[in-house]
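Structure incoming, see below.
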Protein chains: 2
Amino acid sequence: MIGIELEQAVELLSNKINLIEDYEEVELEQALGRNLVEDFYAPIYQPPFNRSPLDGIAVRAQDTVGANTDHPKTFKIIETVFAGMASQKRLGMGQAVRIMTGAPLPEGSDAVIRQEEVVFKGEEAMVQKSVSPYSNYCYKGEDIQKGQLLIEKCTTLTAIHLGVLASMGCNKVRVRRQLRVGLMSTGDELIKPGLPLEEGKIYNANTTLLAARLKELGMIPLIIEAQQDDPDHVARKIKEMIPQLDILLTTGGVSVGQKDIMHEVILKLQATRLFWKVNMQPGTPILAMELGEQLILSLSGNPFAALATFECIARPVLGKMSGQSYVYPVKAEGVLKGAFNKVSKKRRMIRGLYEEGDVTIPYEHASGVLSSMIGCNCLIDIEADTPNILEGTKVKVIKL
Amino acid sequence: MIGIELEQAVELLSNKINLIEDYEEVELEQALGRNLVEDFYAPIYQPPFNRSPLDGIAVRAQDTVGANTDHPKTFKIIETVFAGMASQKRLGMGQAVRIMTGAPLPEGSDAVIRQEEVVFKGEEAMVQKSVSPYSNYCYKGEDIQKGQLLIEKCTTLTAIHLGVLASMGCNKVRVRRQLRVGLMSTGDELIKPGLPLEEGKIYNANTTLLAARLKELGMIPLIIEAQQDDPDHVARKIKEMIPQLDILLTTGGVSVGQKDIMHEVILKLQATRLFWKVNMQPGTPILAMELGEQLILSLSGNPFAALATFECIARPVLGKMSGQSYVYPVKAEGVLKGAFNKVSKKRRMIRGLYEEGDVTIPYEHASGVLSSMIGCNCLIDIEADTPNILEGTKVKVIKL
């Protein structure tokens with residue numbers, strides 16, 4: 001059986017799923033990284049009142065006309081207003097209010113004179129130059145107009161968004177429910193980390209790897225214990241768990257051997273196979289099925305292969321379901337530093353390090369083992385039958 | 001009083017603090033993003049045994065010498081080994097073991113022949129070409145040698161690190177204690193988000209903003225309720241809270257007005273002032289003090305100013321204390337798209353958008369309000385007295 005192209009696989013899966021519409025209302029403290037579910041319109045003006053941007057006196061600009069060093073104008077200070085206070089008085093002709101940064105401007109005033117430019121004498125303030133109306137005057141709503149669209153729906157909330165929401169008096173926000181992604185490893189050879197390693201067995205790395213990757217992408221991994229290569233048992237476990245999940249990822253059992261049980265699991269589940277095998281290495285034998293309206297993606301059991309197909313195939317799907325734009329894999333182009341001398345008949349994803357447009361492959365022969373990904377931050381997408389790649393060639397990368 | 005340079009401020013503070021040495025042992029599931037406290041050496045080989053990379057038969061390479069289409073060599077299959085099983089038999093001359101991907105190679109074998117190249121007849125396997133010793137043979141320890149340094153201390157653990165640790169059988173890891181950063185806003189004008197806005201008051205955005213920023217940087221914000229402008233009370237609250245904290249950040253009360261209480265708080269705490277005012281805008285009146293061996297950084301009450309000084313001055317300090325290299329601000333250079341026509345006597349940090357080496361300023365006149373940071377991802381560092389900046393000029397940025 002010949003595999004389909006990576007891009008076809010992604011398109012086929014993406015057409016099967018939709019953006020999650022469920023939302024929950026959470027405290028701002030819990031909203032970091034979450035996906036805003038509705039447009040946020042400013043409920044108040046910012047600043048909420050006309051205010052002074054500095055320490056000085058609030059006056060009527062017209063009363064300063066003609067003031068100069070020889071003929072200063074004298075104002076009577078009728079009140080002092082600090083930030084946080086409400087101004088009680090209305091300013092009349094020749095009157096001033098001593099005002100501090102952030103304090104509301106008194107009614108009747110239309111300008112502020114910086115305190116360094118004022119000579120204070122008891123209850124009086126002397127001004128030696130005229131000011132224009134609305135000098136040093138911060139308007140109510142200057143920064144944000146009430147009713148203005150401030151944050152669009154589907155935005156991933158950062159610290160800055162949360163700060164802005166808090167400045168609007170908001171302490172709760174409606175965010176999209178996080179995706180619940182089931183994870184199940186299969187394989188008779190798997191031992192749970194922390195237990196003694198038996199002969200012929202290996203530790204299960206996939207669950208930890210993918211659970212952490214899902215957390216990095218803002219999702220909730222629901223870990224199902226690793227399963228033996230028993231198709232009946234695996235099918236039962238999937239049926240039991242799937243109602244709690246938005247999507248299920250499994251690893252192992254997808255190749256062509258006798259223990260590649262997932263082909264039988266599909267039959268037992270009466271699920272529909274969407275595709276098996278994608279033209280990429282590692283991870284070729286990825287298997288996708290649909291059970292009711294839910295997707296199950298069964299990745300290769302090799303951790304590096306599982307990771308590569310997760311990045312290339314699962315992420316676009318999870319991106320669409322979660323509404324989080326950053327979940328989609330980020331593609332870029334870079335210039336290869338050093339040559340790459342391995343020809344492959346298949347399209348290959350090899351590990352690399354992308355830095356400011358330069359791409360390096362840490363060792364000449366990229367191996368497919370997970371540990372070789374330490375220190376790497378991208379996959380280099382090398383087309384089938386590409387001859388040796390020379391230093392300085394442009395290559396396509398998928399950033400992790 | 002004239003401020004010190006930003007770089008001096010950072011150096012002065014960095015000399016006062018050290019990397020946190022406390023650590024805790026956590027489950028791998030809890031270790032994402034945490035800082036590894038000791039070098040991790042591989043406790044086992046990977047793979048843990050010699051294994052087959054594919055489905056086929058394990059043989060002695062010498063027994064295949066001379067095999068060709070006309071004169072196939074016949075092997076007797078003495079056992080079948082799947083992944084997860086231990087091989088029980090020792091291979092003798094002319095014998096083969098049917099072996100699956102990932103299964104341990106039987107003693108005596110030194111090569112694997114792919115099943116597609118073998119003709120099976122009952123208990124016999126016919127081989128039509130010779131193979132070299134160690135063909136399709138994955139050595140024990142090929143990927144990872146026992147005792148090898150796998151992950152260096154002070155590494156921030158990613159999904160890939162956790163996957164590798166799991167593959168080594170590790171289920172717990174020693175990570176550095178997360179920094180506990182106190183946050184206290186001061187100001188009579190502050191109202192807690194969610195409560196009704198009173199006349200002359202504004203909502204407290206700084207606590208939410210900085211708490212979320214600290215979380216983004218992997219730290220634990222400890223929020224102290226906002227305080228009125230009462231130096232006695234603020235000093236008492238600081239004394240009460242500081243034993244639980246690694247560092248305290250406050251906002252507000254650092255300028256020159258009557259309500260700029262932090263100058264008095266220093267005296268009441270008998271703390272040592274390290275500096276007051278840094279040559280940058282916004283955020284100039286940042287005040288740093290030392291109380292015993294702990295630092296208190298008092299930032300401007302304006303949210304954008306608080307953010308700018310947090311990014312430029314607090315982050316390098318938090319980076320050194322936490323051991324997390326990504327906490328340090330990342331500096332870069334970019335090419336300005338569009339001109340910037342505002343001359344300033346002071347060094348200024350203005351908001352910008354950095355994308356692949358290009359820097360744009362969303363509106364011509366960058367204002368200092370927090371909401372203007374939405375959609376931005378960097379601060380552009382503009383030196384004092386810089387004339388108008390032309391399109392295409394290289395500018396320095398600090399990425400958020």
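Reckoned from all heavy atoms, side chains included, excluding hydrogens, waters and symmetry mates. The chains referred to below are lettered A, B, ... by the order of the sequence lines, with proteins before strands, and numbering in each begins at 1. Just so it is clear, the model here is predicted, and its values are computed rather than measured.
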Counting neighbours of CD on A/E152 that are heavy atoms of other residues, nucleotides or ligands and sit closer than 6.0 Å, is the number greater than 12? no

Heaviest contributor of heavy-atom pairs below 4.5 Å to chain B, chosen from A/G33, A/A86, A/P104, is A/A86

Chain A heavy atoms under 4.5 Å from B/L190: which part of the residue, side chain, backbone, both or neither? neither

Most heavy-atom pairs under 4.5 Å with chain A, out of B/G375, B/G301, B/G194, belong to B/G194

Under 4.5 Å from any heavy atom of chain A, what part of B/I144 do you find: side chain, backbone, both or neither? side chain

Check whether A/I191 gets within reach of chain B through its side chain, its backbone, both or neither, counting any heavy atom under 4.5 Å. neither

Please classify the contact of A/M373 with chain B as side chain, backbone, both or neither, using a heavy-atom distance under 4.5 Å. both

For A/F82, does the six-membered ring have the charged nitrogen or CZ of B/K259 within the cation-pi criterion, i.e. under 6.0 angstrom from the centroid and within 45° of the normal? yes

Largest heavy-atom contact set with chain A, pairs under 4.5 Å, which of B/E216, B/E356, B/K172: B/E216

Against chain A, work out which of B/M100, B/Q228, B/Q46, B/K215 has the most heavy-atom pairs shorter than 4.5 Å and name it. B/K215

Cation-pi check for B/Y45 against B/K140: NZ or CZ below 6.0 Å from the six-membered ring centre and within 45 degrees of the axis, yes or no? yes

side-chain contact (heavy atoms from CB on, under 4.5 Å) assessment of B/Y203 paired with B/K192: CA-CA 6 Å; B/Y203 284 113; B/K192 187 175 173 160; over 6 Å; no

With a 4.5 angstrom heavy-atom cut-off, is it the side chain or the backbone of B/T207 that approaches chain A, or both, or neither? neither

Just checking B/E199: does its CD atom have more than 12 heavy atoms from other residues, nucleotides or ligands closer to it than 6.0 angstrom? no

Among B/L162, B/T208, B/L307, residue most engaged with chain A (heavy-atom pairs, under 4.5 Å): B/T208

Indicate yes or no for a side-chain donor-acceptor contact from A/N377 to the backbone of A/L400 under 3.5 Å, with no hydrogens or angles considered. no

Report which part of A/N204 has an atom under 4.5 Å of a heavy atom belonging to chain B: side chain, backbone, both, or neither. backbone

Per-residue contact mode, A/L28 against chain B (heavy atom under 4.5 angstrom): side chain

Would A/R98 pass as a cation-pi partner of A/F120, given that its NZ or CZ must be under 6.0 Å from the six-membered ring centre and within 45 degrees of the axis? yes

Assess whether a salt bridge exists between B/E311 and B/R213, defined as any Lys/Arg side-chain N lying under 4.0 Å from an Asp/Glu carboxylate O. yes

At a heavy-atom distance under 4.5 Å, which candidate from A/G163, A/A205, A/P193 has the highest pair count against chain B? A/P193

Contact class of A/L32 relative to chain B, heavy atoms under 4.5 angstrom: side chain

Name the option with the most non-hydrogen atom pairs under 4.5 Å to chain A; the candidates are B/I151, B/L165, B/I202, B/T155. B/I202

Does the side chain to side chain donor-acceptor pair (under 3.5 Å) test come out yes or no for B/D55 and B/T101, once each step is laid out? CA-CA 5 Å; B/D55 292 352; B/T101 309; 2.8 Å; yes

Chain B contact via A/I44 - which portion, at a heavy-atom distance below 4.5 Å: side chain

Could you go step by step and tell me if B/L379 and B/F304 meet the side-chain contact (heavy atoms from CB on, under 4.5 Å) rule? CA-CA 11 Å; B/L379 297 170; B/F304 179 66; 4.0 Å; yes

Identify which part of A/I374 has an atom lying under 4.5 Å from any heavy atom of chain B, answering side chain, backbone, both or neither. both

Chain A heavy atoms under 4.5 Å from B/L214: which part of the residue, side chain, backbone, both or neither? neither

Less than 4.5 Å apart, any side-chain heavy atom of B/V164 and any of B/L150? yes

A/A83 versus chain B, the contacting section by heavy-atom distance below 4.5 Å: both

Contact part of A/L210 toward chain B, heavy-atom cut-off under 4.5 Å: side chain, backbone, both or neither? neither

A/Q145 side-chain N/O to A/G141 backbone N/O, donor-acceptor pair under 3.5 Å: yes

